[in-house]
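Here is how names work: the chains are called A, B, and so on, in the same order as the sequence lines, proteins then strands, and each is numbered from 1. Everything numeric in this text was worked out from a predicted model, so none of it was measured. What you see below is based on every heavy atom in this structure, not just the backbone, and it leaves out hydrogens, waters and symmetry mates.
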Amino acid sequence: MTAIKPLVLVDGSSYLYRAFHALPPLNTSKGQPTGAIKGVINMLRRLQKDYPDSPIAVVFDAKGKTFRDDMYPQYKAQRPPMPDDLRSQIEPINAIVDAMGLPRLVIEGVEADDVIGTLAAQASGERPVLVSTGDKDMAQLVNEHVTLVNTMTDTVMDVAGVNTKFGIPPELIIDFLALMGDKVDNIPGVAGVGEKTALALLQALGGLEDIYQNLDKVPDLAMRGAKGVAKKLTDQREQAFLSYTLATIKCDVPLDVSVPELLPNSPDKTRLLSLFTEFEFKTWVQELSRDERTELINESKASDVPSDDALDAVPAFTGTPDYQLILTQSQFTHWLDKLNNAPLFAFDTETTSLNYMQARVVGVSFAVNMGEAAYLPFGHDYLDAPDQLAENDVLAALKPILEDHNKLKLGQNLKYDANVLANHGITLRGIAEDTMLESYVLDSVGSRHDMDTLALKYLDRSTIHFEDIAGKGAKQLTFNQIALEEAAPYAAEDADVTLCLHHVMAAKLKASPSLMSVYRDIELPLVSVLSRIERNGALVSRELLGSQSHELGLKMQALEKEAYDLAGGEFNLASPKQLGEILFERLNIPVIKKTPKGAPSTAEEVLVELAHDYPLPKVILEHRGMAKLKSTYTDKLPLLIDPKTGRIHTSYHQAVAATGRLSSSDPNLQNIPIRSAEGRRIRQAFIAPSGYVILAADYSQIELRIMAHLSEDQGLIDAFARGEDIHRATAAEVFGVAVDEVSDEQRRNAKAINFGLIYGMSAFGLARQLHIGRKEAQEYIDLYFERYPGVLRYMDETRVLAAEKGFVETLFGRRLYLPEINASNGMRRQAAERTAINAPMQGTAADIIKRAMISVDQYLSDSGIDAKLIMQVHDELVLEVAPAALDEVKAELSKLMMAAAKLAVPLEVGMGTGANWDEAH
DNA sequence: TCGGTACCGTAC
DNA sequence: GACGTACGGTACCGAG
């Protein structure tokens, strides 16, 4: 089934101007402006990716007069001449378009619009037409065959879209322009008739002709100044009809090309490479060389991966599903046969607990074809439960299938299934697809990624919820206690829905090679790696934590007494509300800051400030610090030690953080204290077992290095290349002193600036951070951007691109959508802008360490060396290593982590070892 | 007894 | 209001 490829008509001139004006200026090191080139070519590359092999034409305005100038000498007359900085970019664009193999059209005497209108008319009815433009005037071309697409904003406009956007159908767009005129093109329109009046007239009376035939009805229309409008229309009749002609796109320009001749040629890669190099488009240069490498790789492995085409050919299932319950050996044999012969099957485990270390599998469900699934129970043991197949027999029969690399599996969060199967001695292999990860890669923030949410979102299907059959709260049943009549439809549905979801989401992913690569090359291989890390666990000393808890408790008691004396009565130190009353009402201490809800804040920074003048805040601060350590860490961690392994097994969440980072819970191992001496004692409780040492390896300044790479700022790149202390180097630049004369304060300030940049900080934020004036903070920021202009440009460009596209990307193509980037609420919009700045850096760092984890895990298992991964903390990997293996592991780990990305700056890795996690830093 | 919100604090 | 991403603790409040 091959759909007819659409004809793609690109309004090159509209993008040329938009790119030039909307994007911040960009120059090569020789001073050649390239911002518009980059904008236009970027857009063409996107179109090519979206519509490969479609006939396409890139159309530009010709120089000189057009027929409209003859008709109306003032047409576009007020337009300033093209700026030199734009003019000099036209030839390069032409050259690149030609090298890309795209047909380029420039026709004398008419405008690009007319050429596009003509070609659209020619193709109309034979194939769909997509007009790629940023110009709304083109809406007049829209009909059932012709759609507009704004490639810069990724929005499309069909007939319904025109109606929604303008409130009138496409046929009336010319009339609309004729009435209200167009400032940009200097089309006069009817003076005194603006957008609102024009729409009211058109909606009430129809087109221009109809309006003039019904001028008597105009004064009665419900619109502002209706009475005067009729006179204006009468007086300016001629001008109105002239405007109509001017605004009409000509659809019968004589052309000496026709649609079939517009197929793209294969690109001249050598020429492209030299052009991209000349204009210093470094990422495209890299991509060109990378593409050539991957083409070779793909050719060699194309045959052993099942094609997604096979799935796409399966129509969506709409009938009544067939869900079976497997209770007999012959039913089981039948399904084993299906599984063995399926190119891919969905499966799901039902268990007794959400805790993957303690869970036992009590049943398994499968789906091979959509709408057909089965539940195989073997551990339900409620009163009067029917006889089931024996667990041992079932698992023994399934084991070879589940452990076979070549029997491909699909699931929803298969890491969990892999973990619980491991409890039964089964190593899940052949993890080929995971719907949770498909959803996460498609849109990490748009919705949650649990199956119920996905079924509603992608299948418009409401599923049986776990709570529906298990109940909730204290009397919630475990799965083995649920009657099979209820359990079977639920479990079978899970497998079926997973299969249907994959069908839908895989097609979406396929449309975007970069998202597909994030999914297939990063997220999917990571599943098994994370499963192993989780099951390895981290060893903690129960004794050490216990004595720390005890000690903290004693100190807190003393502080409480002290606090009650100072406050003149007992109160709950942990209650911000009660504390606020004591401080700000009873003791009349001034309020420095309020919480978002308006209550006086008792946050740390406030108490630190107050501690200068009052004794109580200092006591509260000390108490809080201890309470935090005790309740969150020293009391809690021992409770999470698994009785069987004696270790702590966290859960890493792969589809939670918007940027692509992992998160960790139960416990969260990614926020164990390190900054204060007291906090670090908790890290001392993370110990190596006897005969091993802890090895911690972390990327040094990874996000700043990524900023240097993405911004291509030469100063920053050079500083990293020289291997300088980056905060010191920044301070030297910003404060204009030699590197070895930077004071501690200057370095501290520079460090705050560097971190602030990563977070999209404002002068206010920096001022608060450094306790300086806002003006002074702004001066620092200005100085910084003066020294590192590439960074400023990158930030501006990122904001603009985010606003136009609605998402930002990491180096590896992971996307983060920013629905509020164009919000009218300034605060929300600014928050989205800060996310836009931060996400590419944080997300690229996440991509890099994930890639490193995959290769490190591969190395560890291939080599069989005595070492294992036990933790990941965003930019750090922690391992347990036998001392005899230490030298080799360190060398290999460093090599693999550095090789996880090729940036314009070196990726440096720091390492430490010790008997515990604290010592390893 | 629970679920949700507010506030606070830990990490990178 | 003003610095990004997480998780989780305690307090508090209201519904059941």
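The aromatic ring centres of A:Tyr416 and A:Tyr356 sit 6.0 Å or more apart.
For A:Ser651 and A:Asp666, the side-chain atoms include no donor-acceptor pair closer than 3.5 Å. For A:Ser762 and A:Arg768, the side-chain atoms include no donor-acceptor pair closer than 3.5 Å.
At distances below 3.5 Å, at least one donor-acceptor pair connects side-chain atoms of A:Arg851 with backbone N or O atoms of A:Ala900.
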Give me, pair by pair, the N or O atoms of the protein and of nucleotides 14-16 of chain C that are less than 3.5 Å apart, along with how far apart they are.
none

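Taking the ring axis of A:Phe764 as reference, the NZ or CZ atom of A:Arg774 does not stay both within 45° of it and closer than 6.0 Å to the ring centre.
To the nearest angstrom, C1' of C:dC3 lies 12 Å from CE of A:Met795. The distance from atom CG of A:Leu637 to atom C1' of C:dG9 is 13 Å, rounded to the nearest whole Å.
The side chain of A:Lys577 places an N or O atom within less than 4.0 Å of a non-bridging phosphate oxygen (OP1 or OP2) of C:dC13. An OP1 or OP2 oxygen of C:dC3 is reached within less than 4.0 angstrom by a side-chain nitrogen or oxygen of A:Ser762. Phosphate contact (OP1/OP2 of C:dC12, side-chain N/O of A:Ser575, threshold under 4.0 Å): present. In this structure, A:Arg834 reaches the C:dG4 phosphate: one of its side-chain N or O atoms is under 4.0 Å from OP1 or OP2. A:Ser663 has a side-chain polar atom (N or O) that falls below the 4.0 Å cut-off from OP1 or OP2 of C:dC7.
Counting 5' to 3', DNA chain B first comes under 4.0 angstrom of a heavy atom of chain A and last does so at the ends given by B:dC2 to B:dC12.
Between A:Leu816 and A:Val445, the closest side-chain pair of non-hydrogen atoms falls below 4.5 Å. Side-chain contact between A:Ile469 and A:Ile464 is present, with heavy atoms from C-beta onward closer than 4.5 Å.
Distances from the side chain of A:Thr659 to the nucleotides C:dG4, C:dT5, C:dG1 place C:dT5 closest. The A:Thr632 side chain lies nearest to C:dG9 when the options are C:dG9, C:dA6, C:dC3.
Taking atom P on both B:dA6 and C:dA2, the two are 15 Å apart, rounded to the nearest angstrom.
Residue A:Ile758 is classed as having no contact, given no heavy-atom separation below 4.0 Å to the nucleic acid.
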